[in-house]
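Please read the structure below before turning to the comments.
FYI, the numbering just counts along the sequence from 1. Note that this is a predicted model, so its numbers are computed, not measured.
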Amino acid sequence: MKFALWQKKQCGYGSIVGAQKIGPVWRVYPQNNDARVKLLIDGLTLRGHTVSCNDKNPLMVASASKNGQPIRTTKLIIGNIPISFNNEDIEQTVIKLGCVPRSNLFLEKDRDETGALTRWVTGRRFIYIDIPPEPLPQTC
């Protein structure tokens, strides 16, 4: 009920499909581009506080450039390592291989039958890196 009143006030009833909290960030799903633009321009007002909206996740890979050209990044997936293995050791190995990290190392979470994320971790990790000049080894 509160969500319905909030979305009617912000950008029109039925214009927001849903919202979910992913870590410290709320992801809001607008129904159409007009509602999205209104949220980006006006932001949100929740409980008397104005909240700005971003068009991209602020915790993902930061856009960077060299000499005005964007740096191409890729998602490096690291698997077949026990969950108990220290993430800092993995990060240091990635750096020793000559990779330039663009994000923190994340634990991959499993999905259920409907495709929704669960709290279960798979043991695989991933990190965003600059595309290396040479292919990385399959094993280390």
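Among pairs with a residue in residues 87-101, those fulfilling side chain to side chain donor-acceptor pair (under 3.5 Å) read N87-R125, at least two apart in sequence or across chains.
Hydrophobic clustering of Ile, Leu, Val, Met, Phe, Trp and Tyr side chains at less than 4.5 Å, counting indirect connections, unites I78 with F85. Linking ILVMFWY residues whenever their side-chain heavy atoms come closer than 4.5 Å, directly or via other members, leaves I95 and F126 in distinct clusters. L117 and L107 are assigned to two separate hydrophobic clusters, defined by single-linkage of ILVMFWY side chains at heavy-atom distances under 4.5 Å. Placement of I90 and L136 within a single hydrophobic cluster is found when ILVMFWY residues are connected by side-chain heavy-atom separations under 4.5 Å, directly or transitively. Grouping the Ile, Leu, Val, Met, Phe, Trp and Tyr side chains by contacts below 4.5 angstrom, directly or via other members, places V37 apart from L40.
By the salt bridge (charged side-chain N to carboxylate O under 4.0 Å, His left out) test, R111 is found to be paired with no residue, residues two or more places apart in sequence or in another chain being considered.
Here R124 contributes atom CZ and D110 contributes atom CG; the two are 10.5 Å apart, rounded to the nearest 0.5 Å. With rounding to the nearest 0.5 angstrom, the CD atom of E134 is 12.5 Å from the CG atom of L97. Atom CG in D42 sits 9.0 Å away from atom SG in C53 (nearest 0.5 Å). Between the CH2 atom of W120 and the CD atom of E108 there is a distance of 15.5 Å, given to the nearest 0.5 Å.
The shortest heavy-atom contact between G123 and I83 is CA-CG1, 3.6 Å. Scanning all heavy atoms of the two residues, the minimum distance from D112 to T118 falls at N-CG2, 3.8 Å.
Contact of the C99 side chain with the D130 side chain is not registered, since no non-hydrogen atoms from C-beta on lie closer than 4.5 Å. In this structure, V94 and I129 have side chains that are in contact, with non-hydrogen atoms separated by less than 4.5 Å. At a threshold of 4.5 Å between non-hydrogen side-chain atoms, the residues V28 and L39 count as touching.
Using a distance-only test at 3.5 Å, with no hydrogens or angles considered, a donor-acceptor pair links the side chain of S103 to the main chain of Y128. No donor-acceptor pair under 3.5 Å is formed between the side chain of T74 and the backbone N or O of I131.
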